*Asks:* 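After the structure tokens below, expect a handful of questions from me.
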Amino acid sequence: MKIVLLGSGNVATHLAKALKAKGEDVIQVYSPNLNHAKSLAVTIGAEGLNDLTEIERNADLYIISIKDDAIESVAKSLKNVTGLVVHTSGTTDIRILSSQVKRAGVFYPLQTFSKGKEVSFENIPLCIEANDESQLSILNTLAAKISHRVYELDGEKRKVLHLAAVFACNFANHLYTLANKILNQNGLDFEIIKPLIAETADKVMNNLPENVQTGPAVRADENTLNKHLSMLTDMPELQNIYQTLSDSIKLTLK
Ligand SMILES: NC(=O)c1ccc[n+]([C@@H]2O[C@H](COP(=O)([O-])OP(=O)(O)OC[C@H]3O[C@@H](n4cnc5c(N)ncnc54)[C@H](OP(=O)(O)O)[C@@H]3O)[C@@H](O)[C@H]2O)c1
């Protein structure tokens, strides 16, 4: 399959490598920053470019993997292509593409990607959607080449999945950032908390999260909760987060 990749960020980088490893032919990488386009392109033997008018019009597949808010405007530049055009976004409607191009789809990988961290695509859930059965069949075949977990999911379900992913991944990671801030401000290193983070994630592999919740909120240890809140007096944003999450934990007990 001749593929044009629009985007050179976290997802585009991992997708490019996974597709290349399965023998797919990624011929061009577009990105507004030419250095970013070229530095990904060179790793997969593609052409790097930052001009949408130079995009090959006869590719089989166009994968738009850029900032969500820019997908629509980039899709407009693909109006006259005959290939299938997909995006990789959790919350962006397929109609943003199908209103511009004849053959539209979604190729959403449910994982957290960072350029510098290797991932194995085989176990990453790939959520696909298309504007007709024949496009869906093409995406199914391609997705099955790189992952054992392919899901046909409509846009509404995909958005729900993305919302849940923000809680499970993005917010959890942000809480690690805040934990690190508290540790650092008091001369402690993030290293000491890593076994706790690993065990917390490991426990929910075989248990419902609400069944393995620990800590002062679930025990209703009011003295400890109040001590923690007073330790955060100089950091009102963290104090708010602490209070909101503790209240939320208490609510799940009811
Ligand atoms: N990261 C994840 O874990 C993850 C997981 C699943 C799905 N997704 C989805 O995958 C897509 C890409 O996410 P990402 O995390 O890979 O993003 P990212 O690493 O932040 O990269 C963003 C890309 O968008 C390009 N871009 C920024 N503004 C643009 C514009 N106005 N016009 C055209 N291109 C523009 C950037 O180009 P330059 O660098 O050249 O400026 C870069 O290639 C998004 O739809 C996201 O929702 C992300």
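Note that these values count all heavy atoms, side chains included, but never hydrogens, waters or copies made by symmetry. Each ligand, and each atom within it, is numbered from 1 in the order the structure gives. Fair warning: this is a prediction, and the values are worked out from it, not measured in the lab.
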*Asks:* Mark yes when over 12 heavy atoms from residues, nucleotides or ligands other than I192 sit less than 6.0 Å from its CD1; otherwise mark no.
*Replies:* no
*Asks:* Output the list of atoms in ligand 1 that are nearer than 4.0 Å to some heavy atom of D68, sorted by atom number.
*Replies:* 44 (C), 45 (O), 46 (C), 47 (O)
*Asks:* With sequence neighbours excluded, tell me which residues meet side chain to side chain donor-acceptor pair (under 3.5 Å) with Q28.
*Replies:* E47
*Asks:* Say whether T112, considering both its backbone and side-chain N or O atoms, lies within less than 3.5 Å of an N or O atom on ligand 1.
*Replies:* no
*Asks:* Output the list of atoms in ligand 1 that are nearer than 4.0 Å to some heavy atom of Y108, sorted by atom number.
*Replies:* 6 (C), 7 (C)
*Asks:* Any nitrogen or oxygen of I66 lying under 3.5 Å from a nitrogen or oxygen in ligand 1? Just yes or no.
*Replies:* yes
*Asks:* Does the side chain to side chain contact (heavy atoms under 4.5 Å, CB included) test come out yes or no for F190 and I197, once each step is laid out?
*Replies:* CA-CA 10 Å; F190 192 60; I197 292 173; 3.6 Å; yes
*Asks:* What residue and heavy atom of the protein are closest to atom 17 (O) of ligand 1, and at what distance?
*Replies:*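 Scanning the protein heavy atoms, the shortest distance from atom 17 (O) of ligand 1 goes to N10 N, 4.5 Å.
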*Asks:* Of the protein's non-hydrogen atoms, which lies at the shortest distance from atom 32 (N) of ligand 1, and what is that distance?
*Replies:*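 Protein heavy atom with the smallest distance to atom 32 (N) of ligand 1: A70 CB, 3.5 Å.
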*Asks:* Counting non-hydrogen protein atoms only, what is the nearest one to atom 6 (C) of ligand 1? Give residue, atom name and distance.
*Replies:*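 Checked against all protein heavy atoms, atom 6 (C) of ligand 1 sits closest to P109 O, 3.2 Å.
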*Asks:* Donor-acceptor check, side chain of S73 to backbone of A70, threshold 3.5 angstrom: yes or no?
*Replies:*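 Yes; at least one donor-acceptor contact below 3.5 Å.
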*Asks:* For atom CD of E222, decide whether the heavy atoms of other residues, nucleotides or ligands shown that lie under 6.0 angstrom number more than 12.
*Replies:*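 Counting neighbours around CD of E222, more than 12 heavy atoms of other residues, nucleotides or ligands fall under 6.0 Å, so yes.
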*Asks:* Would you say L15 and L97 are hydrophobically clustered, going by side-chain heavy atoms of ILVMFWY under 4.5 Å?
*Replies:*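 In one cluster with L15: L97, no.
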*Asks:* Starting from atom 33 (C) of ligand 1, find the nearest protein heavy-atom neighbour and note its residue, name and distance.
*Replies:* P32 CG, 3.5 Å
*Asks:* What are the atoms of ligand 1, with element, lying closer than 4.0 Å to any heavy atom of S8?
*Replies:*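 Here the atoms of ligand 1 in question are 43 (O).
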*Asks:* Which atoms of ligand 1 have any heavy atom of T88 under 4.0 Å away?
*Replies:* 7 (C), 8 (N), 9 (C), 10 (O), 11 (C)
*Asks:* Counting non-hydrogen protein atoms only, what is the nearest one to atom 4 (C) of ligand 1? Give residue, atom name and distance.
*Replies:*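 Closest protein heavy atom to atom 4 (C) of ligand 1: V11 CG2, 3.3 Å.
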*Asks:* For atom 20 (O) of ligand 1, state whether the nearest protein heavy atom is under 4.0 Å away.
*Replies:*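 Answer no: nothing from the protein, no heavy atom, is under 4.0 Å.
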*Asks:* Pick out which of L142, T141, I124, I128 makes a side chain to side chain contact (heavy atoms under 4.5 Å, CB included) with V150.
*Replies:* I128
*Asks:* For atom 36 (C) of ligand 1, state which one of G9, A12, S31, S73 supplies the nearest heavy atom.
*Replies:*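 It is S31 whose heavy atom sits nearest to atom 36 (C) of ligand 1.
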*Asks:* N207: which residues meet the side chain to side chain donor-acceptor pair (under 3.5 Å) condition with it, sequence neighbours left out?
*Replies:*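 N207 satisfies side chain to side chain donor-acceptor pair (under 3.5 Å) with no residue once adjacent residues are dropped.
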*Asks:* Among all the protein's non-hydrogen atoms, which is closest to atom 1 (N) of ligand 1, and how far away is it?
*Replies:*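 For this ligand atom, the closest protein heavy atom is F113 O, 3.6 Å.
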*Asks:* Please state whether Q111 comes within less than 4.0 angstrom of ligand 1, counting heavy atoms only.
*Replies:*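 Flag set, Q111 near ligand 1.
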*Asks:* At what distance is the nearest protein heavy atom to atom 22 (C) of ligand 1, and which residue and atom is it?
*Replies:* K67 N, 4.0 Å
*Asks:* Are any of the N/O atoms on Y30, whether in the backbone or the side chain, positioned under 3.5 angstrom from an N/O atom of ligand 1?
*Replies:* no
*Asks:* Does atom NZ of K203 have more than 12 heavy-atom neighbours from other groups under 6.0 Å away?
*Replies:* yes
*Asks:* Taking D60 for its side chain and K2 for its backbone only, find out whether a donor-acceptor pair lies under 3.5 Å.
*Replies:* yes
*Asks:* Can you confirm whether E237 is buried at CD, in the sense that more than 12 heavy atoms of other residues, nucleotides or ligands lie under 6.0 Å from that atom?
*Replies:*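 For E237, atom CD is not crowded (no more than 12 foreign heavy atoms under 6.0 Å).
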*Asks:* What protein heavy atom sits nearest atom 39 (O) of ligand 1, and how far off is it?
*Replies:*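 For atom 39 (O) of ligand 1, the nearest protein heavy atom is H36 ND1, 2.6 Å.
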*Asks:* I need the atoms of ligand 1 closer than 4.0 Å to a non-hydrogen atom of G7, numbered in the order shown.
*Replies:*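 Reading through ligand 1 atom by atom, the close ones are 43 (O).
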*Asks:* With a cut-off of 6.0 Å (strictly less than), are more than 12 heavy atoms of other residues, nucleotides or ligands near CZ of R57?
*Replies:* yes
